K.L.:
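Below is the structure I would like to discuss, written out as structure tokens.
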Amino acid sequence: MKTVNIIERALQFGINVVCLVVHSQSWHNEIRILRNQIIRSGTSIGANVTEAQSGSSKQEFRRYVQIALRSSRETEYWLQILINSNLLVKEPARQLLGENVEISKILTAILLKSKS
């Protein structure tokens, strides 16, 4: 089984979110808030996973992973809104959504393992 490097995966996910959102043709000034929210939450996942690696204790590590997981869930929410309101190209956005679900599962597994 291949080892998953969650830091690299979350970094690539954040890059993909930024690229999809910035290059989308359907952005209007009225939905600038949505664009900013998904960029913030999508890039926060990797930032918090990276921060967790520098945690000074197991408790601090878990806290940052929990924040990353919450950011992942928030990103899922924003992706659902943008997909269902036809504001993003559906196929690339659905691929991002699938990757986000996988990242959430990995973060959940990390949390469960860190508690035992």
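These numbers come from a predicted model, not from an experiment. The figures that follow rest on heavy atoms only: side chains count, while hydrogens, waters and symmetry mates do not.
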K.L.:
Tell me if a side-chain donor or acceptor on T43 pairs with a main-chain N or O of I39 at a distance below 3.5 Å.
P.N.:
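Side chain of T43 to backbone of I39, a donor-acceptor pair under 3.5 Å: yes, one is there.
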K.L.:
Does T75 reach the main-chain N or O of S41 with its side chain, forming a donor-acceptor pair under 3.5 Å?
P.N.:
yes
K.L.:
Honestly curious: do Y77 and V17 fall in one hydrophobic cluster under the side-chain, below-4.5 Å linking rule?
P.N.:
yes
K.L.:
If hydrophobic clusters are built from ILVMFWY residues whose side chains come within less than 4.5 Å, do I81 and L87 share one?
P.N.:
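Linked within one cluster.
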K.L.:
How close do I103 and S72 get, heavy atom to heavy atom, and via which atoms?
P.N.:
CG2-OG, 4.4 Å
K.L.:
Would you say K113 has more than 12 foreign heavy atoms packed within less than 6.0 Å of its NZ?
P.N.:
no
K.L.:
Measuring from atom CZ of R62 to atom CD1 of I67, what distance do you get when rounded to the nearest 0.5 angstrom?
P.N.:
13.5 Å
K.L.:
To the nearest 0.5 Å, what is the distance between CZ on R63 and CD on Q66?
P.N.:
9.5 Å
K.L.:
Could you pull out the closest heavy-atom pair between L79 and A93, with the gap in Å?
P.N.:
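Shortest heavy-atom separation between L79 and A93 comes out as CD2-O, 4.4 Å.
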K.L.:
Say you draw a straight line from CG of L82 to CG of L88; how long is it, rounded to the nearest 0.5 Å?
P.N.:
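It comes to 4.5 Å.
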K.L.:
Any side-chain heavy-atom pair from C19 and I15 closer than 4.5 angstrom?
P.N.:
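Of all side-chain heavy-atom pairs linking I15 with C19, at least one is under 4.5 Å.
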K.L.:
For the residue pair E76 and L97, what are the closest heavy atoms and their distance?
P.N.:
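The answer is CG-CD1, 3.6 Å.
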K.L.:
Indicate yes or no for a side-chain donor-acceptor contact from E99 to the backbone of Q95 under 3.5 Å, with no hydrogens or angles considered.
P.N.:
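Between the backbone of Q95 and the side chain of E99 there is no qualifying donor-acceptor contact (under 3.5 Å).
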K.L.:
How many angstroms lie between atom OG of S56 and atom CZ of F61, to the nearest 0.5 angstrom?
P.N.:
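It is 12.5 Å, given to the nearest 0.5 Å.
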K.L.:
Whether the side chain of N48 engages the backbone of V65 through a donor-acceptor N/O pair (distance < 3.5 Å, no angle test) should be reported.
P.N.:
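No, because the side chain of N48 does not come within donor-acceptor range (under 3.5 Å) of the backbone of V65.
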K.L.:
Identify whether the distance between the nearest side-chain nitrogen and carboxylate oxygen of R94 and E91 falls below 4.0 Å.
P.N.:
no
K.L.:
In terms of hydrophobic clusters joined by side-chain contacts under 4.5 Å, are I38 and V18 together?
P.N.:
yes
K.L.:
Using every non-hydrogen atom in the two residues, find where L69 and S104 come nearest and quote the distance to one decimal.
P.N.:
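Nearest heavy atoms, L69 then S104: CD1-O, 3.6 Å.
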K.L.:
In terms of hydrophobic clusters joined by side-chain contacts under 4.5 Å, are L107 and Y64 together?
P.N.:
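Different hydrophobic clusters.
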K.L.:
Could you measure the distance from the NZ atom of K90 to the CG atom of N84? Nearest 0.5 Å is fine.
P.N.:
6.0 Å
K.L.:
Charged N to carboxylate O below 4.0 Å: is that the case for R40 and E74?
P.N.:
no
K.L.:
Quick check: closest heavy atoms across K58 and S114, and the distance to 0.1 Å?
P.N.:
CE-O, 2.7 Å
K.L.:
Would a hydrophobic clustering, with Ile, Leu, Val, Met, Phe, Trp and Tyr connected at side-chain separations under 4.5 Å, put L96 with L11?
P.N.:
no
